[in-house]
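Worksheet: the structure to be examined is printed underneath.
For reference, positions follow the sequence shown, starting with 1. Both backbone and side-chain heavy atoms feed into the values below; hydrogens, waters and symmetry mates do not.
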Amino acid sequence: MWRCSAIRILAATAALEALPGAGLAQSTVGHWVSISPEGGNVRALAVDPRTPSTIYAGGETGVFKSVDGGASWAFSGVGGSTVAALAIDPTQTSTLYAGTGGGPGVSKSTDGGTTWAPSSTGLTDNVVSSVAVDPRTSGTVYAATVSGVFKSTDGAASWSSMSNGLGAQPVNALAVDPRSPSTIYAGTQSAGVFRSTDGAATWTAASNGLTPTLIHSLAIDPTTSATIYAGTSAGLFKSTDGASSWSSVGGQAANFYALAIDPVTPSIVYGGTGGQVLKSVNGVGRWERAMTGLPPQIVWALAIDPVTPSNLYVGTATGIFKSTDAGVSGAASNSGFTPLTAYALAVDPAAPSTIYVGGETGIFKSVDGGKSWTLATNTLPNVRVWSLVVVPGSSAILAGTDSGGYLSTDGGVTWRQGAPQNPNPYAYAIDPRSPSTVYAVGGIGPSRAEGLGAIAYSADGGLTWPYYFVGDTGTFPPVFNAAVVNPPSSLSPLIIGTDKGIWWTSVGLHGGLHLVASGQLVGRRLVSVAEDPVSRSIVYAGTAGSGLFKSTDGGMTFGTQVTNGLTATGIFTLLFGPDSPSTFYAGTNNGVFASADAGASWAPMNVGLTKPRVNALAQAPGPGGALYAATNGAGVFLFSHDLGPCVPSDTVLCLSTRFQVTAEWRKTDGSSGSGTAVPLTSDTGYFWFFDPTNVEVITKVLSGCAIDNHYWVFGAGLTNVGVTLTYTDTAAGVQKAYPNPVGSAFSPIQDTSAFTTCP
């Protein structure tokens, strides 16, 4: 390092404009903010018996927890699996079990849901519909699965099959007698109710008088355990003799998916059906509708506050509702409950604050950039939405579902099927030269996992689809997942990502499309495709588990795997910035990655992203257009550049109010550290590294907004220590770094186009 006084360096800055600029690197900085629609499918509820303000909710993406009686929720764990059952150990209420519909089978937490661990050793089936804990013997747990009942006596560390007399048949519900815990009841999928009196060692049929064979739910009277209720596919049945005989009660023939008994007044019973909550105050002699304000929908779960039984929690297909007056009325209680599994995003190019998100529970719409949402599929059946697009220059919104394509021309108020009718569109591709030309690619078959690839074509922006192709005679392509339209010079109108590699199309002999496989990626599952908007012969293909690949010949061959900083293997969505073609984003199994050089190098941008898997990305048009991410279980996020005001510190200069400047030094011996910041004026400061009297680098940031609509950056130094000066515009979330190598004299900085973030 070389010594120089601060006065001499200040004088030197007057000559900076005559000096060459140093090299720079640019990246977008900021953090993700959840803007997701609140609510989602709730399959299980559990109230802590000792701390009733603590409630757990299980749904399609794991467990959420509330510590304030449902006023707010936060994700707890068991991500990636549908949680269909929850049970709290009544003797150790910080211990709870979650039964999943796939994934680990059973997961366990011993710290009130802070951490979870799979607990399924010996459990031969991972579809668990009910979990029950022995009320007297902590560690004795029962699990109902699609292949019978399993039991653990060591707190779910290990499991044993306990289906003697029951058989390997699906069991939907379990109930343990609170007064005699060795007595257990099992409600099955197709054989009624079974009873065990020896802790599940043996079972006998207990369905006398129980005409329906499909049992959804079971509940035992807490004060008179011989009284049992069974929710069936044809209404509610009641036994008063320990399941020796049953009779239909209440006169309601609906599916009873959930039951709850008031612990203080057991004659009060609640039932959750396919469209409402029912309540009886006389032991189900007569039902009345409860929960005024609850929209008609499936009620999957019910739970009662054991201390204040007037507090009733209801888990539905669209979220959590709470009643504080014993079911007379109710209101949504979904703040922070954002388990939406979102597969598709679309921004209206004519109204950039209008966003659509599609997923497991239909389509939601926001007209204020995600601040508020409405369900936009009230006129649609309950469909899973895989793809969405707003056709530029048109009022058409296209949605691809498992039931074919749907079209709305009134902003999602109403929808009609046939956009197209076939195939089920898993992706749409719009010709950038002619936006009225739209392709729908997908599959013909019962589901995305089964079927053949097919293409539909529209020449009027998706209003009509006169052409539909499955390939020439003898061609049976795999399901299509993604597509991009090629330039006119290409041999192929479309490049298609399929379940078995990349395919491209050419004009067929039968008036259709001839489908040809591209060899390098044959056998890999391709789920995303993107074309460089500047160099359209460059095409990227993202796989479901093998990373990102690049083609330089228009998608004919893919010989290069992209790895420079892109550490994820599942590349589910690709997006070039609509107004900055060199900006390239990838939504992956490990969050979002960004490239500022059209894919040459990548960096993660995941601060604030609570779910790692990103299924879709969309960006609003215009400079600095909002960037949105759709996640697998936490809904929608917005990338925010607002870092708050610059806060000066020992290592941070705040210049021109909004610019945060830091200096990192490096020596030839490999040691490194942060420079100490000293402000001089509102726009100028310097850094020292090893001695307060030894000024190493001085810098200033000036506003040139009135001159050339840029902020200017200048810097000078008298040192041969390696230095990187980093400047962050905290108002716009844009960052630039100027490195100077170890052992070289400091190269002055003169950058009069540093930040295009005025004002």
Stepwise side-chain contact (heavy atoms from CB on, under 4.5 Å) test for F637 and T631: CA-CA 8 Å; F637 286 78; T631 69; 3.6 Å; yes
Spell out, as yes or no, whether a donor-acceptor pair under 3.5 Å connects the side chain of S458 to the backbone of T464. yes
Consider only side-chain N and O atoms of T588 and N590, and report whether a donor and an acceptor are under 3.5 Å apart. no
Ignoring hydrogens and angles, write down the donor-acceptor pairs under 3.5 Å from the side chains of residues 335-359, residues two or more places apart or on other chains.
unit_1: Y343; atom_1: OH; unit_2: E360; atom_2: OE2; d: 2.5
unit_1: D348; atom_1: OD1; unit_2: A350; atom_2: N; d: 2.9
unit_1: S353; atom_1: OG; unit_2: V367; atom_2: O; d: 3.2

Would you check if the side chain of S551 reaches a backbone N or O of T557 as a donor-acceptor pair within less than 3.5 Å? yes
State whether the side chain of W503 and the backbone N or O of F480 hold a donor-acceptor pair below 3.5 Å, judged by distance alone. no
What's the separation between atom OG in S537 and atom CG in D532, rounded to the nearest 0.5 Å? 8.0 Å
Ring centroid separation W415 to Y406 under 6.0 Å: no
Specify the closest pair of heavy atoms between L494 and V485, including all atoms of both residues, with the distance to one decimal. CD2-CG2, 3.9 Å
Is there a donor-acceptor contact under 3.5 Å from the side chain of T756 to the main chain of H710? no
Answer with yes or no after comparing the ring centroid distance for F659 and Y711 against a 6.0 Å cut-off, counting only values under it. yes
What I'd like to find out is whether the side chain of P425 reaches to under 4.5 Å of the side chain of P420, using heavy atoms alone. yes
How many angstroms lie between atom OG of S436 and atom CG of D460, to the nearest 0.5 angstrom? 7.5 Å
Can a donor-acceptor pair be found between the side chains of N615 and N632 at a distance below 3.5 Å? yes
For R658 and P759 the tightest heavy-atom approach is NH1-O, 2.5 Å
Within the distance-only criterion (no hydrogens, no angle test), does the side chain of N424 pair as donor or acceptor with the backbone N or O of G442 below 3.5 angstrom? no
Spacing of T374 atom OG1 and F364 atom CZ [to the nearest 0.5 Å]: 9.0 Å
Looking only at non-hydrogen atoms, find the nearest pair between V438 and G462 and report the distance. CG2-N, 4.2 Å
Do D402 and W386 meet the criterion of a side-chain donor-acceptor pair at a distance under 3.5 Å? yes
Filter on ring pair (Phe, Tyr, Trp, His ring centres under 6.0 Å), then keep only pairs touching residues 598-631, sequence neighbours left out; what's left? F584-W602
Suppose we call two aromatic rings close when their centres sit under 6.0 Å apart. Are Y727 and F755 close by that rule? no
Side-chain donor/acceptor of T498 to backbone N/O of G501, under 3.5 Å: yes
Nearest-0.5 Å distance, OG1 of residue T318 to CD of residue E38: 12.5 Å
Has N334 got a side-chain atom pairing as donor or acceptor with I320's backbone, closer than 3.5 angstrom? yes
From CD1 (I749) to CZ (F714), nearest 0.5 Å: 10.5 Å
Any donor-acceptor pair under 3.5 Å from Q417 side chain to S403 backbone: yes
Output yes when D683 and K700 qualify as a salt bridge under the 4.0 Å nitrogen-oxygen rule, no when they do not. no
Looking at every non-hydrogen atom in both residues, tell me the closest pair between P533 and R536 and how far apart they are. O-CG, 3.9 Å
On the 0 to 90° scale, with breaks at 30° and 60°, tag the F64-F75 ring pair as parallel, tilted or perpendicular. perpendicular
Distance-only donor-acceptor check, side chains T757 and D729, under 3.5 Å: yes
Between T437 and A459, is there a donor-acceptor pair closer than 3.5 Å when you use the side chain of the first and the backbone of the second? no
Rounded to the nearest 0.5 Å, what separation is found between the OG atom of S395 and the CG atom of D410? 8.5 Å
Using a 3.5 Å distance criterion without hydrogens, assess whether the side chain of K365 forms a donor-acceptor pair with backbone atoms of G411. yes
Looking only at heavy atoms, the pair that brings A544 and V527 closest together is N-CG2, 4.0 Å
Could you report the tightest heavy-atom contact between L609 and G591, atom names first, then the distance? CD2-CA, 3.9 Å
